[in-house]
Student: 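Take a look at the following structure, please.
Because only heavy atoms are used, hydrogens play no part in the values below, and waters and symmetry mates are left out as well, while side chains stay in.
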Amino acid sequence: MTDVPSARGAEVGRRIGVGLMYGLFRPRVLGAWRVPATGPLIFAVNHSHNIDGPMVMGVAPRATHFLIKKEAFIGPLDPFLTGIGQLKVDRHTTDRTAISRALSVLENGGALGIFPEGTRGEGDFAAIRAGLAYFAVRGAAPIVPVAVLGSSDRPGRLVKALPPLRSRVDVVFGDPFEAGDGSGRRTRKALDAATERIQKQLTAHLENARRLTGR
C-alpha cells in the first residue's frame, strides 16, 4: 500500500512558505478567489525559477503537494520535503510510486501542484507533458492555471540563485477547468486531446496574466 502524503505536513509547508515568501519578497497575488475551497484540484504552474514552487506554496489559499524531481531530495532536504507532504518523482522513468501517491492526494480531496513543462525553462507552457492530463482525468480533478511572473527577471545581488530581496513577484490564479471531454476515457487519443486542451488554456491564461500585470 502506498503511503499517503501528509495533509498536515503540507499545511505546515504552506505556513513556512507564507513566512519565507512574504518575508523575502513582495508577492502580489491575483485571482486567489477562483481557487475551489474544497475537493481535489491541480495547480498547473509555469516554471522559470527555483522559487516558483515555494512561492505558490506560500501564497495559494490551500496547502499544496508538489511533484518535485527526486534530485532535489538531497541530504536534509529529503526528510524535510517529505515531511511537508511533497512528492519525489523520477522524471526519467514511469515512477509508479509517485503516480500512486499523487493520485492518493486527489482521492483525499487535496491539492496537487504540477509543473506541466516537466523542467525549468522559459516558463511559457510551450511544451506540456502528458502526465498532467492523466492526473486530471484519472483523479477527476479540475486544473487551476497559475502564472508566476517576475521570479526570473534578474538575479539578486546577494544571492544570485534568488530574485532580488523584496522584489515583486506576481502570482496569478486562473479559472478552474476540466481537462477531459466528460467521458472519463484514458486512452492515448483521449489524453492527447486533453493535453491539447490544457495547453491552450494554460497559454491563454499566461497571456492574460501578462496583460493584467504588465509583465
Side-chain angles (χ1 to χ4, degrees), residues 1-14 17 34-47 52-54 56-57 60-73 78-119 125 127-146 173-199 201-202:
M1 179 179 171
T2 303
D3 57 324
V4 179
S6 169
R8 183 178 294 178
E11 176 58 28
V12 170
R14 188 185 75 82
R34 295 187 170 102
V35 178
T38 58
L41 70 86
I42 297 171
F43 288 122
V45 186
N46 68 323
H47 196 21
D52 295 339
V56 173
M57 283 178 65
R62 292 179 58 178
T64 310
H65 303 265
F66 265 96
L67 278 166
I68 302 172
K69 61 183 181 181
K70 70 173 186 178
E71 291 86 352
F73 289 72
D78 189 344
F80 172 73
L81 290 172
T82 302
I84 60 170
Q86 306 310 296
L87 309 176
K88 181 192 302 187
V89 61
D90 185 341
R91 297 173 298 166
H92 307 296
T93 184
T94 303
D95 190 336
R96 300 197 181 280
T97 299
I99 291 170
S100 296
R101 298 189 80 212
L103 288 173
S104 73
V105 167
L106 299 175
E107 285 164 9
N108 287 310
L112 185 65
I114 293 180
F115 299 113
E117 296 154 293
T119 187
F125 291 127
I128 303 294
R129 291 192 168 193
L132 175 54
Y134 175 80
F135 286 123
V137 174
R138 171 81 188 274
I143 295 172
V144 174
V146 187
F173 293 90
D175 289 315
F177 66 92
E178 301 292 336
D181 59 6
S183 69
R185 286 182 307 214
R186 301 197 297 272
T187 61
R188 174 61 63 86
K189 186 176 179 181
L191 291 178
D192 284 348
T195 299
E196 200 171 309
R197 273 192 293 276
I198 289 168
Q199 183 150 25
Q201 291 271 16
L202 297 186

Student: What is the minimum heavy-atom distance between Gln86 and Thr64, and which atoms define it?
Tutor: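 Result for this residue pair: NE2-O, 3.1 Å.
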Student: Check whether any side-chain heavy atom of Lys69 lies under 4.5 Å from a side-chain heavy atom of Arg91, and answer yes or no.
Tutor: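 Result yes, sub-4.5 Å side-chain heavy-atom pair found.
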Student: So, the side chain of Asp95 versus the backbone of Asp90: is there a donor-acceptor pair under 3.5 Å, distance only?
Tutor: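 Indeed, once roles are kept as given, a pair shorter than 3.5 Å links the two residues.
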Student: Mind checking whether Pro145 and Phe177 have side chains closer than 4.5 Å, heavy atoms only?
Tutor: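 Heavy-atom side-chain distance check passes, below 4.5 Å.
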Student: For salt bridge (Lys or Arg N to Asp or Glu O under 4.0 Å), just list the numbers for Arg8 and Glu11, CA-CA rounded to whole Å, side-chain angles, deciding distance to a tenth of an Å, and then say yes or no.
Tutor: CA-CA 5 Å; Arg8 183 178 294 178; Glu11 176 58 28; over 6 Å; no
Student: Check Ala111 against Ala63 and note the closest heavy-atom contact, atom names and distance.
Tutor: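 For Ala111 and Ala63, the tightest heavy-atom pair comes out as CB-O, 3.5 Å.
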Student: To the nearest 0.5 Å, what is the distance between CD1 (Ile42) and CG (Leu106)?
Tutor: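 Output value for this atom pair is 5.0 Å.
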Student: To the nearest 0.5 angstrom, please state how far the CZ atom of Arg138 sits from the CZ atom of Arg186.
Tutor: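 So the gap between those two atoms works out to 5.0 Å.
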Student: Tell me, do Leu103 and Val105 make a side-chain contact under 4.5 Å, heavy atoms counted?
Tutor: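 Not touching, per the 4.5 Å side-chain cut-off.
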Student: Would you mind reporting whether Phe43 and Leu41 have side-chain heavy atoms less than 4.5 Å apart?
Tutor: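 Yes. Closest side-chain heavy atoms under 4.5 Å.
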Student: Would you say the side chain of Val4 lies within less than 4.5 Å of the side chain of Asn108, judging by non-hydrogen atoms?
Tutor: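 Answer yes - side chains close enough.
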Student: Under the 3.5 angstrom rule, does the side chain of Ser104 hit a backbone N or O of Arg101 as a donor-acceptor pair?
Tutor: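 The answer is yes, because a donor-acceptor pair under 3.5 Å joins these two groups.
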Student: Do Ile99 and Thr94 have side chains that approach each other closer than 4.5 Å (heavy atoms only, starting at C-beta)?
Tutor: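 With C-beta onward as the side chain, the pair touches.
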Student: On a heavy-atom basis, which atom in Gly9 and which in Ser6 lie closest, and how many Å separate them?
Tutor: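 So the minimum-distance heavy-atom pair works out to N-OG, 2.7 Å.
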Student: Between Phe115 and Phe66, is the ring centre distance below 6.0 Å?
Tutor: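 Yes; Phe66 has its ring centre under 6.0 Å from that of Phe115.
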Student: Might you point out which heavy atoms bring Pro116 and Val45 nearest each other, and give the distance in Å?
Tutor: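 Between these two residues, the closest heavy atoms are CD-O, 3.2 Å.
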Student: Once you round to the nearest 0.5 Å, how far does CG of Leu67 lie from CD1 of Ile114?
Tutor: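 The distance works out to 5.5 Å.
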Student: Can you name the closest pair of heavy atoms from Arg34 and Pro176 and give their distance?
Tutor: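 Result for this residue pair: O-CD, 3.5 Å.
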Student: Can you check whether Ile68 reaches Leu87 side chain to side chain, under 4.5 Å on heavy atoms?
Tutor: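 No. Closest side-chain heavy atoms not under 4.5 Å.
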Student: Nearest 0.5 Å, please: how far is CD in Gln201 from CD in Glu178?
Tutor: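 Result: 10.5 Å between the selected atoms.
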Student: With rounding to the nearest 0.5 angstrom, report the CD1 to CG distance, Ile143 to Leu112.
Tutor: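 It comes to 10.5 Å.
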Student: Quick check for you: to the nearest 0.5 Å, what is the distance between Leu191 atom CG and Tyr134 atom OH?
Tutor: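 The OH atom of Tyr134 is 8.5 Å from CG of Leu191, to the nearest 0.5 Å.
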Student: Evaluate Asp78 against Lys88 for salt bridge (Lys or Arg N to Asp or Glu O under 4.0 Å), listing each step before the verdict.
Tutor: CA-CA 9 Å; Asp78 189 344; Lys88 181 192 302 187; 3.4 Å; yes
Student: Without swapping roles, check the side chain of Arg14 against the backbone of Met57 for a donor-acceptor pair under 3.5 Å.
Tutor: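 Not a single qualifying donor-acceptor pair exists.
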Student: For residues Ala194 and Ala133, report the shortest heavy-atom separation together with the two atoms involved.
Tutor: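 Closest pair (atom of Ala194, atom of Ala133, distance): CB-CB, 3.8 Å.
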